[in-house]
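Everything below concerns the one structure shown next.
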Amino acid sequence: QVQMVESGGGLVQAGGSLRLSCAASGRTFGRPVMAWFRQAPGKEREFVGGISWSGVRRFYSDSVKGRFTISRDNAKNTVYLQMNSLKPEDTAIYYCAAEVHGRTTVERGQYDYWGQGTQVTVSS
């Protein structure tokens, strides 16, 4: 069993920053690609950013590119999402996810493990 727990969400004013963390524990599962997704009320869950095992490949949605940075610490089994210049439209529940086959994909259906999510609210 794999557990993934997000933290770091909260309420922030527009233009502010937050750093999300996601710690994985339990059964090891190779060298997963890790990603962040988000889901706003009434909308589908969408891809935000992903990172390969080595950290060399990082990929982002156009809506966050240049503002968000994904990183990971494999020794701690933790992935991070640094969010700068936040906008009200970034308000959502943010989920981390793991893809165990090494595919750098943006498709949520291809991710194998998910956290419970952390709320991010950006006020205008």
Side-chain angles (χ1 to χ4, degrees):
Q1 188 73 11
V2 174
Q3 293 82 38
M4 299 174 65
V5 180
E6 301 95 336
S7 61
L11 174 64
V12 64
Q13 288 188 332
S17 299
L18 282 175
R19 188 192 194 207
L20 305 183
S21 300
C22 172
S25 62
R27 184 175 66 86
T28 58
F29 44 91
R31 298 187 169 191
V33 170
M34 300 296 293
W36 289 93
F37 288 75
R38 68 186 182 187
Q39 187 167 17
K43 295 188 177 181
E44 292 191 351
R45 192 172 299 187
E46 64 174 2
F47 172 79
V48 174
I51 186 169
S52 63
W53 170 261
S54 67
V56 170
R57 175 152 167 74
R58 309 182 194 205
F59 47 110
Y60 302 93
S61 68
D62 288 342
S63 61
V64 307
K65 198 172 295 182
R67 300 188 297 122
F68 291 10
T69 302
I70 190 170
S71 61
R72 67 191 295 166
D73 183 338
N74 291 334
K76 297 181 179 180
N77 291 323
T78 300
V79 62
Y80 306 97
L81 185 68
Q82 177 66 44
M83 305 186 294
N84 299 329
S85 302
L86 282 161
K87 305 175 181 180
E89 51 263 43
D90 294 318
T91 295
I93 299 174
Y94 282 70
Y95 299 89
C96 66
E99 197 285 337
V100 303
H101 303 292
R103 296 174 294 195
T104 51
T105 176
V106 303
E107 299 296 330
R108 68 176 185 268
Q110 295 188 352
Y111 282 81
D112 303 287
Y113 298 101
W114 293 83
Q116 295 297 312
T118 186
Q119 177 71 48
V120 171
T121 303
V122 184
S123 63
S124 57

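Since this is a predicted model, take the numbers as computed values, not measurements. Side chains included, hydrogens not; waters and symmetry mates left out as well; all remaining heavy atoms used.
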ask   = Should W53 and P32 count as side-chain neighbours, where that means a heavy-atom distance under 4.5 Å?
value = yes

SG of C96 to CZ of R72, rounded to nearest 0.5 Å, is 11.0 Å

Would a 4.5 Å heavy-atom cut-off, applied to side chains only, mark F47 and T105 as touching?
-> no

Notebook entry, point to check: Are V106 and I70 linked, directly or through other ILVMFWY residues, by side chains that come within less than 4.5 angstrom of each other?
Noted result: no

In this structure, CD of Q13 is separated from OG1 of T121 (nearest 0.5 Å) by 13.0 Å

### Message
How about CZ on R31, more than 12 heavy atoms from neighbouring residues, nucleotides or ligands closer than 6.0 Å, or not?
### Response
no

d(K65 NZ, R58 CZ) to nearest 0.5 Å is 14.5 Å

Rounded to the nearest 0.5 angstrom, the CG-CG distance for L18 and N84 is 9.5 Å

Aromatic plane relationship, Y111 with F37 - under 30° parallel, 30 to 60° tilted, over 60° perpendicular = perpendicular

CG of L81 to OG1 of T69, rounded to nearest 0.5 Å, is 8.0 Å

Any non-hydrogen side-chain atom of S21 less than 4.5 Å from a side-chain atom of K76? no

Fill in: CD/Q119: more than 12 non-hydrogen atoms of other groups inside 6.0 Å
yes

Examine F68 and I93 and state if one hydrophobic cluster contains both, with Ile, Leu, Val, Met, Phe, Trp and Tyr joined whenever side-chain heavy atoms are less than 4.5 Å apart.
-> no

Salt-bridged, K87 to D90, with N to O below 4.0 Å? no

- Item | Main-chain N/O of R67 paired with Y60 side-chain donor or acceptor, under 3.5 Å | no

If you define the side chain from C-beta out and look only at heavy atoms, does anything of H101 sit under 4.5 Å from D112?
yes

Walk me through it: do Y94 and C22 pass the test side chain to side chain contact (heavy atoms under 4.5 Å, CB included)? CA-CA 10 Å; Y94 282 70; C22 172; over 6 Å; no

Closest non-hydrogen contact found for S124 with A14 is CA-CB, 4.4 Å

So CE of M34 and OG1 of T78: to nearest 0.5 Å the spacing works out to 8.5 Å

Item to complete: Check the pair V33 / F59 against side chain to side chain contact (heavy atoms under 4.5 Å, CB included), numbers first and verdict last.
Response: CA-CA 11 Å; V33 170; F59 47 110; 4.2 Å; yes

*Quick one: does E6's side chain have a donor or acceptor within less than 3.5 Å of a partner on L20's backbone?*
no

Between T91 and V122, is there a donor-acceptor pair closer than 3.5 Å when you use the side chain of the first and the backbone of the second?
-> yes

- Are side-chain heavy atoms of Y95 and R108 found at a separation under 4.5 Å? no

*Any sub-3.5 Å donor-acceptor pair from R57's side-chain atoms to S52's backbone N or O?*
no

Worksheet item: Linking I/L/V/M/F/W/Y whenever their side-chain heavy atoms sit closer than 4.5 Å, directly or via other members, would M83 and Y80 fall into one cluster?
Response: no

Test item: W114 and R45 side chains (from C-beta on) under 4.5 Å apart, heavy atoms:
yes

